[in-house]
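Please read the structure below before turning to the comments.
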Amino acid sequence: MPLLPFKKEIAARLSALTGMTAEEAETTLEIPPDSALGEYAFPCFHLARRLKKPPQAIAAELAGQFAGLTSAYLERVEQAGPYLNFFVRPAYLFQELLPQILREGPSYGTLDEGAGRTVLVDYSAPNIAKPFSVGHLRSTVIGNALCRLYRACGYKVVGINHLGDWGTQFGKLIVAYRRFGEPALLADDPVHYLYRLYVRFHQEAEKAPELEDEARQWFRRLETGDREARELWQHFRDLSLENFQRLYRCLGISFDSYMGESDYNDQLEATIELARQRGLVKESEGALVADLEGHGLPSCLLRKKDGAALYITRDLAAAIYRHKTYAFHRMLYVVGAEQTLHFQQLFKLLELLGFDWAANCVHVPFGLIHFKDGRMSTRQGKVIFLEEVLERAVELAREIIEEKNPSLEEKDAVARAVGLGAVIFGDLINDRIKDVEFDWEKVLDFAGETAPYIQYSHARICSILRRAAAAKELPDPQPAALLPEAEEKTLIIALGRFSEEINRAVRDNRPSYVARYLLELARSFNRFYHNCPVLTAAEELRKGRLMLVAAVRIVLQNGLALLGIEAPQEM
RNA sequence: GCACCUGUAGCUCAGGGGAGAGAGCACCGGAUUCCUAAUCCGGGUGCCGCAGGUUCGAAUCCUGCCAGGUGCACCA
């Protein structure tokens, strides 16, 4: 816990001197805009108000009280106008922190604040019988990163893939398959063929609206357990799931549960009954409605007039089941921002049903992926398949390898890591709430603020370490000499902030913080690399720098792993 | 009509109420007898959408407006 103890120590001392609580002091501490101003800064404006003295005077006074005070962490304190700047002791950085990172290796950066707590993450949730489009990438990639981040904070994480395997679209699919379907084509390329049927259905239904009714009837038959409907559904489901799992394997993602919408069919009536007992339900035009108007939300339907339950009824049943099963401390729904209202209604209903844990349910929304000229639409066939995106990215990575490093071994594995990394990182780097315009050029860009940039930095370090090992020199987790250059200090400070970034990412459910941090770290490393030779440096310096780059490698690898991205040793 | 989200450099975006608003891309120029040039260095641009307000201090918080996106009862 690298720089955190330093921060806590400052907060404690400030608390003793000012009468603020330690927590208050800690949250007031900030990171100065320039590293020449120290590692943490304390602005005195708040105190100025309380003490009715100019902030400069308070800063000067406090600086006086800190004068001569040092500790294992603290080197010195300086006043700069209304600020108090704290400088960490370099000996701590190089002789304690650095060896610590090497010792902890893969577990460096992890925390234990979540120990004993369970977090559920509901993510990905593709619709069976529709191909996996780039639109589904977001939930999948963000959800996976959140799972890993929470685990790194000590939580027990349960990843749930709430498969979209129920609903009227299966009626449509059954109608289309019975009318136009050919088993041989289905067997050949199931998911794409089902997709073509789905698109075909909507084209035909334009001309013949009665198809929609027929679809509703077939869905009704499915709900009542009709054998033919059931068998077709099961068949479509199996084929799709197989296809999705191939994709997940490729992305290195696994789920703890694949319980989907269809798995709650037997709990829907009980859920509606519960709502009825609580007096939340009224009848309207033959349908059952949950009245939320008194709570500032539009009412929502729990059951259609034809007796079929709806999305929100299923989500209610699922939430109740999950709490019973996992007793979670928090449940995240990584679902698009267009469903914000749905989740407001869902959480409000859970609360009104008397579940106090409703407050621990969180919607983690993200923006839409769209084309320049409008949104993607599965029905109209206006989609880009994730498979195609991943294949092209890997292919391009492969071409670049061929051009830049033709003698590389394991070209395929590296191309996969780089191509997939670029796509995943491209999704995680920006604030998830923003909409994304799909652009092949951007997806296939491997320079600048990208995963390959970080991976390349990692590979360079591996190369240094390989050469050092060949010369029988290995980084040794012993106290090192102090490293003199500014680039070196910048680097090690960055290493020390790793767990703070993980913490922040978990606090806001925003993996982008870690992605940005890694970019910054890689940038610092590349500057170091250009200005500070490692292997040709003199004995002591070489030892220290070897440790430093070994530590950077650990953080880059651990950080990329948190985002679900591999770090190849060469590229 | 109502609600939510977004608006920062030519483009894509960072920016934790605080110290002169930052990156990447694109464009121009430079760096390799030396650890991988998928790298590094230099070059410049901003009514932080607009108008008010809160504050010692606002790109950041509040209100209104404008623009774009997304939702709002029998889809999921």
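Residue numbers start from 1 in every chain, and the chains themselves are labelled A, B, ... in the order their sequence lines are given, proteins ahead of strands. Please read these numbers as outputs of a predicted model, since none were measured by experiment.
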What nucleic acid atoms does A/Glu501 come within less than 4.0 Å of, heavy atoms only: base, sugar-phosphate, or nothing?
base
Runs of at least three consecutive pairs that involve RNA chain B, where pairs are Watson-Crick or G-U with distances under 3.5 Å
B:1-7 with B:66-72, B:10-13 with B:22-25, B:27-31 with B:39-43, B:49-53 with B:61-65
In plain terms, say whether A/Glu395 and A/Arg392 are close enough for a salt bridge, that is, a side-chain N and a carboxylate O under 4.0 Å apart.
no
Using a heavy-atom cut-off of 4.0 Å across all strands, would you classify A/Glu520 as base, sugar-phosphate, or nothing?
nothing
Counting only side-chain heavy atoms from C-beta out, which of B/U70, B/G16, B/C74 sits nearest to A/Leu301?
B/C74
Using 30° and 60° as the class limits, which term best fits the ring planes of A/Phe132 and A/His136: parallel, tilted or perpendicular?
tilted
Other residues, nucleotides, ligands: >12 heavy atoms within 6.0 Å of A/Lys130 NZ
yes
Where along residues 42-50 of chain A does a heavy atom come under 4.0 Å from RNA chain B, residue by residue in number order?
A/Phe45, A/His46, A/Arg49
If you count heavy atoms of other groups shown closer than 6.0 angstrom to CD of A/Glu566, is the number above 12?
no
Think A/Lys442 has a side-chain N or O under 4.0 angstrom from the OP1 or OP2 of B/C11?
no
Quick one: label A/Ala468 by what it contacts on the DNA or RNA (base, sugar-phosphate, nothing), any heavy atom closer than 4.0 Å.
nothing
Reckon A/Lys305 has a side-chain N or O less than 4.0 Å from the OP1 or OP2 of B/A73?
no
Select base, sugar-phosphate, or nothing to describe what A/Ser284 touches, counting heavy atoms under 4.0 Å on all strands.
base
Is A/Ser299 touching bases, backbone alone, or none of the nucleic acid, heavy atoms closer than 4.0 Å?
nothing
Rounded to the nearest 0.5 Å, what's the gap from OH on A/Tyr258 to CG on A/Leu241? Could you check?
6.5 Å
Touch check for A/Gly167, heavy atoms < 4.0 angstrom, all strands: base, sugar-phosphate only, or nothing?
sugar-phosphate
Looking at A/Phe170 versus A/Phe236, is the centre-to-centre ring distance below 6.0 Å?
no
Do any N or O atoms of the protein come closer than 3.5 Å to N or O atoms of nucleotides 35-38 of chain B, and which pairs are they?
residue : atom : partner  : partner atom : Å
B/C35   : O3'  : A/Arg467 : NE           : 3.2
B/C35   : O2   : A/Val534 : N            : 3.4
B/C35   : O2   : A/Leu535 : N            : 3.1
B/C35   : N3   : A/Val534 : N            : 2.9
B/C35   : N4   : A/Tyr529 : O            : 2.6
B/C35   : N4   : A/Cys532 : O            : 2.9
B/U36   : OP1  : A/Ser463 : OG           : 2.3
B/U36   : OP2  : A/Ser463 : OG           : 3.0
B/U36   : OP2  : A/Arg467 : NH2          : 3.3
B/U36   : O2'  : A/Tyr456 : OH           : 2.0
B/U36   : O2'  : A/Arg460 : NE           : 3.4
B/U36   : N3   : A/Met571 : O            : 2.7
B/U36   : O4   : A/Met571 : N            : 2.8
B/U36   : O4   : A/Met571 : O            : 3.3
B/A37   : OP2  : A/Arg460 : NH2          : 2.6
B/A38   : OP1  : A/Tyr456 : OH           : 3.2
B/A38   : OP2  : A/Lys404 : NZ           : 2.6

Taking for A/Lys172 and for A/Ile429 the nucleotide of RNA chain B with the nearest heavy atom, the one nearer the 5' end belongs to A/Ile429
One thing to verify: whether A/Arg216 and A/Asp213 come together as a salt bridge, which I'm taking to mean a side-chain N less than 4.0 angstrom from a carboxylate O.
yes
Between protein and nucleotides 58-60 of chain B, what N or O pairs are separated by less than 3.5 Å?
none

Return the set of residues passing side-chain contact (heavy atoms from CB on, under 4.5 Å) with A/Gln169 (not counting sequence neighbours), or none when no residue passes.
A/Asn127, A/Tyr198
Enumerate the residue pairs fulfilling side-chain hydrogen bond (donor to acceptor under 3.5 Å, both in side chains) with a member in residues 410-427 of chain A, sequence neighbours excluded, ordered by first and then second residue.
A/Arg138-A/Asp427, A/Arg398-A/Asp412, A/Glu402-A/Lys411
Whole-Å distance, A/Phe343 CZ to B/A76 P, equals 14 Å
For A/Asn85, answer base if it contacts any base atom (sugar-phosphate contacts may also be present), sugar-phosphate if it contacts only those atoms, and nothing otherwise; contact means non-hydrogen atoms under 4.0 Å.
base
Does the A/Thr313 side chain pair with the main chain of A/Leu302, one donor and one acceptor, at a distance under 3.5 Å?
yes
Should the pair A/Tyr311 and A/His342 be assigned to parallel (<30°), tilted (30 to 60°) or perpendicular (>60°) ring geometry?
parallel
When the distance from CG of A/Asp508 to C1' of B/G15 is rounded to whole Å, what number comes out?
14 Å
Hey, is CD on A/Glu206 packed in by over 12 heavy atoms from elsewhere, all under 6.0 Å?
no
A/Arg527 side chain near B/C41 phosphate (N/O to OP1/OP2, under 4.0 Å)
yes
For A/Arg375 and B/G71, is the shortest distance between a side-chain N/O and OP1 or OP2 below 4.0 Å?
yes
Using a heavy-atom cut-off of 4.0 Å across all strands, would you classify A/Pro54 as base, sugar-phosphate, or nothing?
nothing
Would the A/Phe347 and A/Tyr333 ring centres measure less than 6.0 Å apart?
yes
State whether the number of non-hydrogen atoms from other residues, nucleotides or ligands found under 6.0 Å of A/Lys304 atom NZ is greater than 12.
yes
Whole-angstrom distance between B/A73 and B/G10, as gauged at atom C1':
46 Å
From the list A/Arg237, A/Met259, A/Glu261, side-chain contact (heavy atoms from CB on, under 4.5 Å) partner of A/Leu163 resolves to A/Arg237
Classify A/Arg523 by what it touches in the nucleic acid, base, sugar-phosphate, or nothing, heavy-atom distance under 4.0 Å.
sugar-phosphate
